[in-house]
Amino acid sequence: MPVLKVNGRTHEVQAAEDAPLLFALRNDLRLNGPKFGCGLAQCGACTVLVDGQPVRSCVTSVDSVAGQEITTLEGLGAGGEPSKLQQAFIDEQAMQCGYCVNGIIMRAKALLDQTPKPTEREVRLALDGNLCRCGAQNRMVRAVLRAAQEG
Amino acid sequence: MTIETTRRSLLAGSGALALGFSIAGESLAQEHAGPDLPGDLKIHPKISSWLRIEANGRVRLLVGKVELGQGILTALTQLCAEELEIDLKRLDITSGDTRIVPDEGVTAGSFSMPYCGSAVRQVSAEARQILVSLAAAKLNADPAKLTVSDGTVQAPDGTSVTYWALVAGRELEIDATGKAPIRPREARRYAGKHVPRIDIPNKVTGELIFIQDQRQQGMLHGRVLRQPAYGAKLVQLDVAGAEKMPGVVKVVRNGDFVGVIAQREEQAIHAVAHLQTIAQWDVPKTGETQDTVHAWLLTQPEKLIVIKDQPNKAAPADAQVVEATYKRPYHMHASIGPSTAIGLLDADGVTHVDTHSQSVFETGQAIAELLGVDKSKVHCRHVQGSSCYGHNAADDAAADAALLAQAVPGKPVRIQWSRNDEHKWEPYGSAMLIKTQARVDAKGDILDWTLDLWSTSHGTRPGGKAGNLLAGRALEKPFALPTPINGGPPNYAADRNAIAIYEFPGQTVSTHFLTNFAARASSTRGLGAYANVFSIESFMDELAHRAKADPVAYRLRYLKDERARAVLQKAADMLGWGKGEKVAGRGRGVGFARYKGLATYCAIAMEVEVDRASGVVRVLRAVAAADAGEVVVPDGVRNQIEGGLIQSLSWTLKEAVRFDAAGVKTADWVSYPILTFSEVPPITVELIDRPGAPFLGAGEASQGPTSAALANAIFDAVGVRLRDIPFTPARLKAALG
């Protein structure tokens, strides 16, 4: 059975090696963070970090990330202990429905790891491939900048 | 505060007994519910329909309206905790469970605050009044001298009793009187104050909150094979190969409805993909396209409804006539999360459906008709999904899950639609064509105003009818699509906001309502208001320019409602209207409407920059001013107004469904692009609060004004009038010549 390293732990999963990583994370490991949005790598709702890089888990096969460190939204902070970045989204009330927010936070996490003090323009460009239909973009940008400020 | 996420927890945990509740004192004798009860309290006057004081000291609010990402559940808990005088953290809320909550119809139309919010406020005040009277009897004290703190009622002598001790697990089976006073504004802790939304912490940490994340014991995964095009019929399909594919539990076929049930999600997807490659369909040879639909609208059988008929017969015959024609295409709701549902047929023959439908009761009834069972045999429960912005595929997914669940009794079946199916099969916001005509005098003043609009239906919600569900129309014995009707006054549907708020000397408005469809259509945020306000506010701008008048001042000539004037003036001031140097290629525009003529007032102003070479419009900044009556959740209203503004910019700049007889062509995010982070302008929203005034729904108020403000700003920038949505670079370049 394929083995995945997720949020610091190693798991065997039932998913086939060529199955999308997204379904292994959601349905085998019961993680809610990464969401199915399109299955086409177009919207970003399924974003996770693989060795620190943002990856669209809906088009990433299980076997292609064997041995690599996978981080999901839960890996940043869960169980009532949000990370600074997640807390910034609470402080800015940075969403309407929040379905896309996993991808936004994970993409922003990758940006802040690379560029701890980004400009607003840099945040917008980094998030340009993540879709939000509710129109909460400006709140989300403010949340990322707040997290950078407080980082 | 918790939100119900498991099916049994409430029923199992509820110690509340359905006992008649005897109350002390003649003054509290039950009165007949009068017509003065606010909102949905009129149809559900019993306090126990809305509130339960549990023996364990928890309070539960029951509501029929549901969370769609608009923050309504937080707003309702604020109102309840405020009036009941309990801490927010003592309050739980159950919404949209057809076995538990009052039937409040559909969560739509910006009705939740006016209908549910006002009911929750009053019913909570009523409960408090009764509980304080009971406490007074118990403590042998004057009720006027009692104080309440988090559900504990205290007498001046220091003795106290709690609500839950008084109620002792019984239900408040008492009708509301409408007479309990609302707490004065200066005493309020929650209503009108900033309270963080209750759902957001779970959403940023990946806790279980979305329907997409529900995992029931033994759950199977389903997918449905959808037709390639409207009206396509299945000619041949051999399912034997799919049945043998890994993990496939069952292939269900009933007429043109074909679904796969598998152990794993990707196995169901693979099996449907296989079926797609071998299915043979009879696809209609001819049909409309996005380019022919507006001409089609003008040639179909129509129902003509004159909704305003006050022509100015005194207008001189030689008055100049100005005319314009405006068009909108089909727009998608385009939720980021494809529609999802979980169905389960239990041993008692009851089908349980978890759904993010906006209309759990009516959809449950439609599913009962679909399954051929009594409506008591379908139990729907709302669980939050991705925002829908109207009637999207949520109900169709619920029907799919219910149908597939019949094939595997005792096993929950989860359906999540593909992106392709969601884009192709959701019911769109209808294409529309609007003709305006004004007769003006020599100074450019309006003597007479005429508006004619052509539209297909904006309302094909399930409404208890299986024929409104995609699956229902695909069965071997199909349910017919009910003939749609247009919603009438005061809310209207296709003709929502078609009557201009301006007081012209004459105004005539006619709706040309079509019962035929060129593409599947239903309610999309604002219904007809989006295109009607676009047309009215664009035409006002055209007339203002023709009269060589300032567009804001010109509107104010005809705008008598003081609240309307204040909102328009505020937006203009926020933008710095009329101030600053004119910059080449840049322009400013304004748009205004009172949603439905009876809900939130909203004015949008913006500045744009047009690149003549590429035809690309960049919105540099936008402002919004709104009057939503008394504001309970200031941040929530601002979020709705700003979100609507951004969504409307996306519709107006970029979006159009493309289709022909062979099917919908815009089946993903590449072919149907929406506004991205780098395209979203800085936005400022300001509210004019009206304490004591009725709540006015705000969720759809900015859609219409935004589209017109954009068109008007483009005209100001480059002198080109765009009347066909969307304003794509190609269209603008063509117009620039």
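Side chains are part of it too, since the values below use all heavy atoms of this structure and drop only hydrogens, waters and symmetry mates. Numbered from 1 within each chain, the chains take letters A, B, ... in sequence-line order.
- The contact between Ser650(B) and chain A is made entirely by side chain atoms (from C-beta outward), counting heavy-atom distances below 4.5 Å.
- Within residues 44-71 of chain A, the residues that have a heavy atom under 4.5 Å from a heavy atom of chain B are Ala45(A), listed by number.
- In this structure, chain B has a heavy atom under 4.5 Å from the side chain of Leu40(A), while its backbone stays farther away.
- Ranking Leu125(A), Leu31(A), Leu127(A), Asp28(A) against chain B, the residue ahead of the rest is Leu127(A), based on heavy-atom pairs under 4.5 Å.
- Each of Gln70(B), Glu422(B), Met219(B), Glu655(B) has some count of heavy-atom pairs under 4.5 Å with chain A, and the biggest count is that of Glu655(B).
- Within a 6.0 Å radius of NZ in Lys84(A), other residues, nucleotides and ligands contribute 12 heavy atoms or fewer.
- Gln212(B) places no side-chain N or O within donor-acceptor distance of the main-chain N or O of Phe36(A), the cut-off being under 3.5 Å.
- For a heavy-atom cut-off of 4.5 Å, chain B lies close to Cys134(A), Gly135(A), Gln137(A), Asn138(A), Arg139(A), Met140(A), Val141(A) in residues 134-145 of chain A.
- With a 4.5 angstrom heavy-atom cutoff, Asp128(A) touches chain B via backbone and side-chain atoms both.
- For Pro82(A), the parts sitting under 4.5 Å from any heavy atom of chain B are the backbone and the side chain alike.
- Atoms CG and CD, on Leu22(A) and Glu265(B) in that order, are 7.0 Å from each other to the nearest 0.5 Å.
- Neither the backbone nor the side chain of His356(B) comes within less than 4.5 Å of any heavy atom in chain A.
- Only the side chain of Ile105(A) has a heavy atom closer than 4.5 Å to any heavy atom of chain B.
- If you measure heavy-atom distances from Ile269(B) to chain A, the contacts under 4.5 Å come from the side chain alone.
- Both the backbone and the side chain of Gln640(B) come within contact range of chain A, each with at least one heavy atom under 4.5 Å from a heavy atom of that chain.
- Chain A forms more heavy-atom pairs under 4.5 Å with one residue of Ile646(B), Leu68(B), Val204(B) than with any other, namely Val204(B).
- For Gln416(B), the part lying under 4.5 angstrom from a heavy atom of chain A is the side chain only.
- Between Lys35(A) and Ile336(B) there is no side-chain heavy-atom pair separated by less than 4.5 Å.
- Residues Arg414(B) and Arg26(A) come closest through the heavy atom pair NH2-NH2, 3.8 Å.
- Both the backbone and the side chain of Arg30(A) come within contact range of chain B, each with at least one heavy atom under 4.5 Å from a heavy atom of that chain.
- Counting heavy atoms from C-beta on, the side chains of Tyr99(A) and Ser335(B) never come closer than 4.5 Å.
- Contact of the Ser387(B) side chain with the Arg133(A) side chain is not registered, since no non-hydrogen atoms from C-beta on lie closer than 4.5 Å.
- Contacts between Asp91(A) and chain B at a heavy-atom distance below 4.5 Å are absent for every atom of the residue.
- For His333(B), the part sitting under 4.5 Å from any heavy atom of chain A is the backbone (N, CA, C, O) and nothing else.
- Annotation: the span from Phe677(B) atom CZ to Arg107(A) atom CZ amounts to 11.0 Å, rounded to 0.5 Å.
- Atom CD of Glu207(B) and atom CD of Glu74(A) lie 8.0 Å apart (nearest 0.5 Å).
- There is no contact between Gln87(A) and chain B, counting heavy-atom distances below 4.5 Å.
- Contacts of Ile104(A) with chain B are made by side-chain atoms alone, with heavy-atom separations under 4.5 Å and no backbone atom involved.
- With a 4.5 Å cut-off on non-hydrogen atoms, Leu649(B) does not touch chain A at all.
- Residues meeting the ring pair (Phe, Tyr, Trp, His ring centres under 6.0 Å) test with Phe23(A), sequence neighbours left out: none.
- The shortest distance between side-chain heavy atoms of Cys97(A) and Glu67(B) does not fall below 4.5 Å.
- Checked by atom type and distance alone, the side chain of Arg264(B) never pairs as donor or acceptor with a backbone atom of Ala24(A) at under 3.5 Å.
- Looking at Pro246(B), neither its backbone nor its side chain comes within 4.5 Å of chain A, counting heavy atoms on both sides.
- Heavy atoms closer than 4.5 Å to chain A are found in both the backbone and the side chain of Arg215(B).
- Interface remark: Ala15(A) contributes backbone and side-chain atoms alike to the contact with chain B (heavy atom separation under 4.5 Å).
- What you find for Glu266(B) and Pro20(A) is that their closest heavy atoms are CB-CD, 4.2 Å.
- Scanning both residues, Asn32(A) and Asp213(B), for their nearest heavy atoms gives OD1-CB, 3.3 Å.
- Scored by the ring pair (Phe, Tyr, Trp, His ring centres under 6.0 Å) test, Trp417(B) finds no partners at all (sequence neighbours excluded).
- Counting heavy-atom pairs under 4.5 Å between each of Val680(B), Asn639(B), Leu675(B) and chain A puts Asn639(B) at the top.
- Within a 6.0 Å radius of NZ in Lys203(B), other residues, nucleotides and ligands contribute more than 12 heavy atoms.
- Thr205(B) is not listed as a side-chain neighbour of Glu81(A), based on a closest heavy-atom distance of 4.5 Å or more.
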